[in-house]
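Beneath this line is the structure, given in structure tokens, with notes to follow.
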Amino acid sequence: MISVKEIEAYLNELKMEYRVLGNRSVQVDGFKPFDCAEEGKLTWVKNWSGEIKEELNHRRALIVVGKEDTGELSGYHCYFLCSDPKMCFFEILEKFYPEGNTALGISGHSVIKTDCLGKGISVGEFSCIGENVIIGDNVAIGSHVTISGRVKIGNNVVISDGSVLGKAGYGYYLAMDGHRKKVPHYGGLIIGDYVEIGANTCIDCGTMGDTVIGDYTKIDNLCHIGHNAQIGKDVMIVAGSILCGSCAIGDGAYIAPGAVVKNQVTVGKNAFVGLQTAATRDVGEDISIFGVPGQEFQRKYKI
């Protein structure tokens, strides 16, 4: 059982600003989404409403993470109120209910040709890592992953199942015989620290320079990042997105599901490319675009 006191101690350790209201004697033995929360569970509320307050009154002994003090909160529960309840809730879960990590070690069914391996590495079944790959510390590589060519991976990186990193991109030129001929790729791929790469995602190496993925960038499942792309730090690239060759994505930008960034287009720092949007020309810093082709709009919500 987890007590209110234990949660308070951890939030204090994080130096998080919060308030505690209600019944401090409540204890929880797990967590649930709000719509199916039950007695003795930890849950969170994004936005208070009359319906939510009424629903809470029908449940007992919860610890609720929320944002607002309505003055009408049920006395059965303990409330942690803070400016960012989502962040607070998942920080608590990560501390008290850590997700099961892949066991450290290299599967006997994987093929590892490089000697440049850091500490605390895990590699899943049937993955293949080439001889020119350099891997930092605490890197978790899933199963059926292929990493080849001149790839340098930083520390604390997660690469999920089925991803392909460092292969040559899609580039051809018209040869003297009138047929298309593959552009040779001499470049590499550099992946920073604390990067996460989702399942079945493909990231190409560069043609002559390197494709670069900045620190703390998070890439979802089923994404494609073309050769020579330059991705900044803390970028969010969500499911099904396509970033074409030689595009540049600034720090803190957000690429929504199914979006496409045209080759050689620059998306500025903290810019937002909306759902299934085609970024066909440069996007300035802090600009949001939506549509095909993408047009600027005033976004009224935060990611």
Next on the checklist: The test is side-chain contact (heavy atoms from CB on, under 4.5 Å); show your working for N270 and D251 and say whether it passes.
Outcome noted: CA-CA 6 Å; N270 297 321; D251 295 348; 5.8 Å; no
Item to check | Test log, rule side chain to side chain donor-acceptor pair (under 3.5 Å), inputs Y194 and D215 | outcome: CA-CA 6 Å; Y194 295 97; D215 296 346; over 6 Å; no
Checklist entry - Are I237 and I225 close enough, and set up right, to give a side-chain contact (heavy atoms from CB on, under 4.5 Å), and what steps lead you there? => result CA-CA 10 Å; I237 302 170; I225 297 176; 4.1 Å; yes
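For the pairing with N228, the side chain to side chain donor-acceptor pair (under 3.5 Å) check across T211, T207, D204 returns one residue only, T207.
Within the 4.5 Å cutoff, the side chain of L165 has heavy atoms near those of the I197 side chain. Side chains of C78 and V20 form a contact here, defined as non-hydrogen atoms less than 4.5 Å apart. Annotation: side chain of H185 is not in contact with side chain of M208 (no heavy-atom distance under 4.5 Å).
No more than 12 heavy atoms of other residues, nucleotides or ligands lie within 6.0 Å of OH in Y170, so this atom counts as exposed by the packing criterion. At most 12 non-hydrogen atoms from other residues, nucleotides or ligands lie less than 6.0 angstrom from NZ of K86.
Taking CG of D234 as the start and OH of Y216 as the end, the distance is 8.0 Å to the nearest 0.5 Å. In this structure, N155 CG and I191 CD1 are separated by 12.5 Å, a value rounded to the nearest 0.5 Å. A distance of 10.5 Å separates SG in C88 from CH2 in W44, rounded to the nearest 0.5 Å. We find the CG-CD1 distance between L243 and I203 to be 10.0 Å, quoted to the nearest 0.5 Å. The distance from the SG atom of C244 to the NE2 atom of H224 is 7.0 Å, given to the nearest 0.5 Å. Here the CG atom belonging to L62 is positioned 9.0 Å from the CG atom belonging to L42, to the nearest 0.5 angstrom.
Within the structure, every pair that satisfies the side chain to side chain donor-acceptor pair (under 3.5 Å) test and touches residues 277-295, not counting sequence neighbours, is listed here: S288-R299.
The residues D29 and K41 are annotated as salt-bridged, a charged nitrogen and a carboxylate oxygen being separated by less than 4.0 angstrom.
Cluster annotation: L21 is not connected to I2 through the hydrophobic network of ILVMFWY side chains, with a link wherever side-chain heavy atoms come within less than 4.5 Å. In the hydrophobic clustering of this structure, I213 does not group with I242; members are Ile, Leu, Val, Met, Phe, Trp, Tyr whose side-chain heavy atoms approach within less than 4.5 Å, directly or through other members.
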Donor-acceptor list for residues 143-151 side chains, cut-off 3.5 Å, not counting sequence neighbours:
from	atom 1	to	atom 2	distance (Å)
R150	NH2	Y186	O	3.4
R150	NH2	D210	OD1	3.4

